[in-house]
Every structure is written in C-alpha cells, then in structure tokens.
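Report on one structure; see the data block that follows.
Every number for a ligand or one of its atoms is a count from 1 in the order of the listing. Just so it is clear, the values below take in all heavy atoms, side chains as well, and ignore hydrogens, waters and symmetry mates. Given the structure is predicted, the values throughout are model-derived calculations rather than measurements.
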Amino acid sequence: MVNFRHFRTALCLISIVIAASQSFYAQSDKVDKKQMSVRVKAEFLHAWNGYKKYCWGHDDLKPISKTCRDWYGQTILMTPVDSLDSLYLLGFKKEGDETREYIAKNLNYDKDISVQVFEITIRELGGLLSAYQITGDKRLLALADDLGTRLLPAFDSPTGMPYRFVNLKTGKTNDPISNPAETGTLLIEFGTLSKLTGKPIYFEKAKKALVETYNRRSDIGLVGENIDVTSGKWTNTDSHLSGGIDSYYEYLLKAAILFDDKDCRTMWEDSIAKINTYLADEGPEMSKKNVQGKPIAADLWYGHADMNTGNRTATTTGALDAFFPAVLVLDGDLNRAKMLQDSMFKMWQANGIEPEVYNYKTGKTEEFGYPLRPEIVESTYYLYQYTKDPKYLAMGKQMFDDFVKYCRTDVAYAGLKSVKTKEKTDYMHSFVFAETFKYFYLLFAPEKTLDLNKVVFNTEAHPIQKTWKN
Ligand code: DMJ
C-alpha cells in the first residue's frame, strides 16, 4: 500500500529543491557584467598590491603572517612570472610593463636548485611564453628557451617519461615515481617553445613523454595514479580525473587542437570513451524518480575506478576535478559538461565554498581545505562562452561573492584550512593571479577581451596563440 505521508513529504522536498534552484537562476538576469568585472579587477589589485608590498621579488606571499616563501630557498619569481599575462589581460598595463622589466633584468635560472618539472613548466615556461606572445618582448622568449634547455635532462629516463625533479644547474634528476599529470602535462609549453624557437627537440621530448604514458594504459584503456618512469610500471592503479591525472587528459585534447596533432586526437578520442565508460557515475538524485518514473535531476559525476578491472574504488570528487566540464565543452560535449557543472556547483554550495574532496554518494566532505583553486571558475567561464546562458553568470557571481567573503584578508587572499569553519591558511598560491582571478574576470569581461576560439589555455590558464603554421 502506498504510504501517502512519505509520498507527500517527498513531493514537498522536491518542490523545495526546485523552488530554491529556480529562485537562484531567476537572479541570472540581474548579474551586471560590467560591475562584476570592475569588482574582480579591484580584488585582483588588492591581492597584487599585498604581494608587492610584502614580497616583491620573492616567489609567493603568506598573507596572514605577511612573510614570503621561496619554493627552493631562493627566488625564481614565481608570482611575477605566473601573473604577467593576467596583468595585461585585466588591463593593468603599467603594472605589467614594470613587472616584465623586473623579470627581464632579474630572473636567472642558473641556480643550483632541484625543481619540480611539472610546476615550473606550467607556471614559469607557460607564463613566459604567453607573456612573450602578448608583448613581443624577446627577452621573455630567451628566458623560456634557457629554462627549457635546463629542464631537458629530466626526460633522460629509460622510458622517456620525465623524472619529477631536475637540477637547473647540473641537470641531475631525481624522483622516478611520477604520475600522468606530471609526465603528460608538458606538450603545450614545450611544443610552443619549439614552434617559437625553431628547435624541434622540445616538442619531441614532451610528445614522447605523453605517448609513453598513454602506451602504458591498461587493457580497458585507463591510466593509474603513479608510474615509475625508469621501469614504466604502475605503482598505484587508482584511476580518476583528480590530482595526479587531471591535466594529462586535458593536454591530450588541447595538444590535438593547438598543434593539429592527429596522434593526440586519437589518444584523446580513445581516452574520453573509456572515461565515460568506467569513471562516469550517477549521484543519488539520478536514482530518485518522480511520479512518472523519470529521474528527479540529471546527476552526473566522475569517480574513481581500478585501472585494470574498472571496478569502482571510490565515489569521491573534488576541487581539482572541476576542470572537466571545461574540457567536455572544448570537446563539444555540452550535454555532459552542463550536467557535471551543475554537480560541481552543488559541491560548492554544500559548504558555501569548494572543498578539496567530496563524496558525491554520501554528500559528505572528506577533505576540507580550499587553497583558492580556479578549476570550477574555469568551467563556468567555458560554459558561459559556449552557451551564453546567464545561469553561468549567476553561478560565477555566487562563487565570487563567497570567494571574497571567506578568503579576503587585509592585504591579499588566503586559502582556507577548512571550508566548514572557514579558518584561513597562511598561503596564497601564484595560481590565484594566473588562474582564479583571470577566469573570474574573463567570465564577466567584455567579449572583445579574448577570443576563446583563438587561444588554447595551458593548465595554468596561460593563453597560447597559434602564431605558426604546422
Ligand atoms: C594549478 O597549478 C593548475 O591548474 C594545475 O593543473 C592543477 N592545480 C593548480 C590549481 O588548482
């Protein structure tokens, strides 16, 4: 017999959820893009001035103690290099010119330090190349060429996949236990360096590293979380779209687009089919049906599975995974992109800001930190560009309001130790300038600011223009 009391309660809950989402999206029409872009610029400047006041010339600002961090004990100007193209894109030309001058005169890679190849490539090599394309300043290209040469010994492993660390002065490498993100997120930067310098070696080394990673996929076509670059054997077979794998997939597709590379296109097509087969998952809302037997809401997520069996290993996602709607948009799969973005926004709303790890089946947050990550903003920007649906402006505004409310400090922006308590950490990553503010700005900025069809963003949001013929 039907239990009418439960039925009534369920109907009531459904209407509350629908009403809440309708009232949220009803605000869509009210987002004033001009006003929002002015707000984003003002907050960028607030953080930039804090960095300049307390840490100019150092890698990063610690915004609570107002002290500085140099990643390797001596500066490689992480924040200035990572921020340079944003300064120009957001219209801070004077600041951009001053920073560029400082970089050209002071950045020196001839240092006896062992650096993380992936991070230095996406932040510094990507930043220098993008800023070179914007300004035409050849000193930036020379610095990129010098850095690229110093990073090349990293690829001298038996498989061609790079060691994680290389010494910029001696070329000595270390740490062979890597992951697909670190072995496969290099081709946009190294490939562009080849195209701009006429030296094919950069493209060849980075492409081989990407192909060698793909070649070690399992029989069902997935990659794992850790791989030994000396033996080529997987040391962790967990497969997912999160940290350690994420941008490997992003670069298969983006390198196919930027370089018209057929191998990358084939590897991407194969990979996305396997991702949608084994990693895609439904959340609880999909299994709840309305009176007509239809799912209450589309509820798409991507979880974890074992790379060999395809068996589900975890139903967790997180802030890093939120890059994937943007990739789906680029691939033309707007349907999945929209559904996944709605899911990711629910993850944001669960705590009023986005956690590092969230279990989409239980609705519980599993890792509470928020280091000011950009990925969900990036996906909002892509979706707005491709759909022009004002709902994404409303989403972006909500995120920006929360970001300012919880992460602003008197001198800059600080990550959160916990999205639950909103307690802050004493750190502001350079990607806040390179990515988070940039994607917020581009979401609301005038259309002419940047044509998404004419650039490919590296994974650190440095726009690369295809200025060469294949
Ligand atoms: C950035 O350095 C890049 O976006 C990278 O691909 C992933 N992590 C951070 C931002 O969260």
Fit a plane to each ring of F92 and F44, take the angle between them on a 0 to 90° scale, and name the class: parallel (under 30°), tilted (30 to 60°) or perpendicular (over 60°). parallel
Within the structure, does D246 bring an N/O atom to less than 3.5 angstrom of an N/O atom in ligand 1?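 No, there is no polar N/O contact under 3.5 Å.
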When you measure from the side chain of D426 to the backbone N and O of S65, does any donor-acceptor pair fall under 3.5 Å? yes
N/O donor-acceptor pair under 3.5 Å between H462 side chain and L128 backbone: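 Answer holds: no.
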[atom] - nearest protein heavy atom and its distance:
| atom | answer |
| --- | --- |
| atom 2 (O) of ligand 1 | E460 OE1, 2.7 Å |
| atom 6 (O) of ligand 1 | T459 OG1, 2.8 Å |
| atom 10 (C) of ligand 1 | E375 OE2, 3.2 Å |

Going by the order shown, which atoms of ligand 1 are within less than 4.0 Å of some heavy atom of R373?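 Within the 4.0 Å cut-off of R373, ligand 1 contributes 8 (N), 9 (C), 10 (C), 11 (O).
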Heavy-atom distances under 4.0 Å are what count here, so tell me which part of E435 touches ligand 1: side chain, backbone, both or neither.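 Just the side chain.
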May I ask you to decide whether E212 forms a salt bridge with R216, counting only side-chain N to carboxylate O separations under 4.0 Å? yes
Identified salt bridge (Lys or Arg N to Asp or Glu O under 4.0 Å) partner of E95 from the options R100, K52, K41: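 Only one of R100, K52, K41 forms a salt bridge (Lys or Arg N to Asp or Glu O under 4.0 Å) with E95, namely K52.
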Does any donor atom in the side chain of S114 or N167 lie under 3.5 Å from an acceptor atom in the other side chain?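 No pair is found: no donor N or O on one side chain lies under 3.5 Å from an acceptor on the other.
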In this structure, does ligand 1 have an atom that sits under 4.0 Å from one of the heavy atoms of L320?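 The answer is yes, since L320 has a heavy atom less than 4.0 Å from ligand 1.
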